[in-house]
Amino acid sequence: MNTVSGITLRGVQAVPVEVEVETTGGLFTISVVGLPDTAVKEARERVRAALRSVGINVKGRVAINLAPADIPKEGALMDLPMAVGIACSQGGIAVKRPSLFLGELALDGRLRKVRGAVPAAFLAKQNGLDLYVPTENAYEVGLVSGVTAYKVATLSDLFAHLRGEIELPIVDQTIITDVEPEADPDLSDIKGQAAAKRALEIAAAGHHNLLFVGSPGSGKTMLARAMRGILPPLSDKELMEVILLQSTAGLDASILRERPFRSVHHTASTVALCGGGAHLRPGEISLASRGVLFLDEFPEFNRDVIEALRQPLEDGQITVSRASGSVVYPAKVLMIAACNPCPCGFLGDSVERCTCSPGTLDRYRRRLSGPILDRIDLHVSVPRLMPDELVALSGKYGESSAVVRKRVKEARLRQENRWRQFGFQSNSEVPEKILKKYMQVKPEVKSFMLQALNKVRLSGRGLSRVLRVARTIADLENSEWVETQHIAEALSYREGEALSWMK
């Protein structure tokens, strides 16, 4: 490998890019080859001005080759390696060992923060390379242990370091905060809705998808936001995956073990939700991986957007294919969707009368297809609160989020211990073949399921999801065996009051 290298991003992976520079006589010009995009081409002026600020006046015809030449390079990631490569070519400095350089240059030689520092740190660690990053990227690089990285504030400091005149500060290990965030809102602050709170606990324990159906103002959004307070903290492996996605998207990497929560507006496009674009970027479903994706007003999303959720909800990952190539992003999300039972919002309401015509109701129902509803494990009705519940101004309502979180963490631990040998963490991830073999169902449960399936309409996928939810309910009760009451409760979330509006 060349001693001067940068990176380009393909999905969440950093691909090394060697910077080759040739200087010949003639009128001054800088040409860049190797599939650079507009931002990389414009770096020529930034690089020239930054080099001039440190006393290096570039002369002659400069040709820069970014290898491998068949991989597109985009963004400002290549500013610093191009400047170092030109400086080496002009005889100003020398890089003694293979190194990765990352950073956007200001005209006066300062380095600005860029995205992709965490993927670059993993690449440097795997290949034993030194890594030079802007000071603002240092804290996220410090989350990756075992990498030799240096903080660079200006181009002049970097060149002085390479000449041996000064020693750049080494990136310190970033301390990950294990303090659990305060629940906002707390479950005990939410009035009523005992059934919905129970569904939240089950969804959090087994990483199951959840649909809330209720009239306006019944508390669907508040319940969804309360999910953050009962989810267990991220493990080390999950935290690295989340940080990798955040760095790839250019977001500030979190140093908390709090799971991501992404709330998406119903006007979002398919690209915004699933990822892609002219320059491949992770979408909202990937940025919510290992956490919660909240889709309020679910039927108001474009049908194409809703249907695009099918594959990632089933597989836990999403493949984005474009002319420039294909990338795979993680998409292990807990999806919470919320909707009204009809366009006016009052179908089946105990107080208000629904004013929707049969045709309007039929069009509204068709916005959510059967395959999408089949991939949602828990369908929960959120009824209107009674007047005495609404006017209550003080007191707590049920268990706190901290108490529920403790049960959820214990249930998750049981699942991890059970499925670790197969490489899974939660019940929702386990394939049907393995689930049925190891879920430990009592004999009388099978006859109950046969009777229930003669009355309840379930597909093969729907039955598998019922079994996964039942296994989670048993884990919450610390039961090794799945019993009849666990199956009955799981079935109630598939064919209950919440889906009556779809019939």
Side-chain angles (χ1 to χ4, degrees), residues 1-10 13-23 32 34 40 43 47 50-51 54-56 58 62-69 71 73 75-105 109-174 247:
M1 179 181 287
N2 192 353
T3 56
V4 179
S5 298
I7 67 160
T8 191
L9 296 173
R10 300 296 293 169
Q13 302 298 320
V15 178
V17 177
E18 296 186 21
V19 179
E20 302 171 338
V21 180
E22 181 191 46
T23 303
V32 183
V40 177
V47 168
L51 287 172
V54 296
I56 298 178
V58 184
V62 179
I64 303 175
N65 179 43
L66 306 178
I71 296 178
K73 288 78 178 183
L77 299 171
M78 297 303 300
D79 283 19
L80 185 59
M82 287 168 62
V84 174
I86 292 175
C88 292
S89 160
Q90 300 279 328
I93 60 168
V95 180
K96 296 179 181 179
R97 51 168 290 150
S99 304
L100 278 182
F101 297 89
L102 187 70
E104 177 186 339
L105 286 171
R110 289 177 293 110
L111 261 69
R112 294 193 173 104
K113 182 180 179 180
V114 291
R115 67 188 187 92
V118 174
F122 278 110
L123 178 65
K125 178 182 177 180
Q126 291 167 4
N127 293 279
L129 305 174
D130 290 345
L131 176 63
Y132 297 87
V133 295
T135 302
E136 293 179 73
N137 286 113
Y139 83 97
E140 54 183 323
V141 171
L143 293 167
V144 182
S145 60
V147 61
T148 302
Y150 298 92
K151 294 186 283 188
V152 184
T154 65
L155 196 60
S156 61
D157 290 345
L158 175 61
F159 287 176
H161 170 82
L162 294 175
R163 295 190 193 104
E165 299 169 0
I166 65 171
E167 189 69 24
L168 286 174
I170 294 178
V171 174
D172 297 323
Q173 188 77 28
T174 302
S247 179

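FYI, side chains are in, hydrogens and waters are out, and symmetry mates aren't considered; it's all heavy atoms of this structure.
- Q90 has its side chain within reach of V62: a pair of non-hydrogen atoms, C-beta onward, lies under 4.5 Å apart.
- Looking only at distances, no side-chain donor or acceptor of D172 sits under 3.5 Å from a matching main-chain atom of G142.
- Panel note: side chain S156, backbone V54; no donor-acceptor pair is recorded below 3.5 Å.
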Query raised in the report: For L100 and V133, what are the C-alpha separation, side-chain angles and deciding distance, and is it a side chain to side chain contact (heavy atoms under 4.5 Å, CB included)?
Result: CA-CA 9 Å; L100 278 182; V133 295; over 6 Å; no
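- Closest non-hydrogen pair, A138 versus V171, comes out as O-CG1, 3.3 Å.
- In terms of heavy-atom proximity, I7 sits nearest to G116 at CD1-O, 3.7 Å.
- Atom-to-atom distance recorded for E167:CD and D157:CG is 12.0 Å, nearest 0.5 angstrom.
- When all heavy atoms of V19 and G6 are compared, the pair lying nearest together is CG2-N, 4.4 Å.
- Counting only heavy atoms from C-beta outward, the side chains of I86 and L51 approach each other to under 4.5 Å.
- Residues R112 and E136 approach most closely at CA-OE2, 4.4 Å, considering heavy atoms.
- Using a 4.5 Å heavy-atom threshold, the side chains of V40 and M82 count as touching.
- Without hydrogens or angle criteria, T174 side chain to Y139 main chain gives a donor-acceptor distance under 3.5 Å.
- A donor-acceptor contact shorter than 3.5 Å links the side chain of K125 to the backbone of S145.
- Judged purely by atom type and a 3.5 angstrom limit, D79 uses its side chain to pair as donor or acceptor with the backbone of L105.
- Rounding to the nearest 0.5 angstrom, the gap separating the CG atom in L111 from the NZ atom in K151 is 14.0 Å.
- To the nearest 0.5 Å, the span separating CD1 on I64 from CD on E20 amounts to 11.5 Å.
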**Report entry** Y132/V84 under side chain to side chain contact (heavy atoms under 4.5 Å, CB included): CA gap, chis, key distance, verdict
**Finding:** CA-CA 11 Å; Y132 297 87; V84 174; over 6 Å; no
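- Contact detail for P68 and P16: the closest heavy-atom pair is CD-O, 3.8 Å.
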Query raised in the report: Could you walk me through whether L131 and Y150 pass the side chain to side chain contact (heavy atoms under 4.5 Å, CB included) check?
Result: CA-CA 6 Å; L131 176 63; Y150 298 92; over 6 Å; no
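- Across all non-hydrogen atoms, the minimal contact from L77 to P81 is O-CD, 3.7 Å.
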Report task. Report the C-alpha separation of C88 and V95 in whole Å, then their side-chain angles, then the decisive distance to 0.1 Å, and conclude whether the side chain to side chain contact (heavy atoms under 4.5 Å, CB included) test is met. Result -> CA-CA 8 Å; C88 292; V95 180; 3.8 Å; yes
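- To the nearest 0.5 Å, atom CZ of residue F101 and atom OG1 of residue T3 are 7.5 Å apart.
- With K73 contributing its side chain and M78 its backbone, the two residues share no donor-acceptor pair below 3.5 Å.
- Remark: S89 OG to I56 CD1 distance equals 10.5 Å, nearest 0.5 Å.
- A distance of 9.0 Å separates CG in L143 from CZ in F122, rounded to the nearest 0.5 Å.
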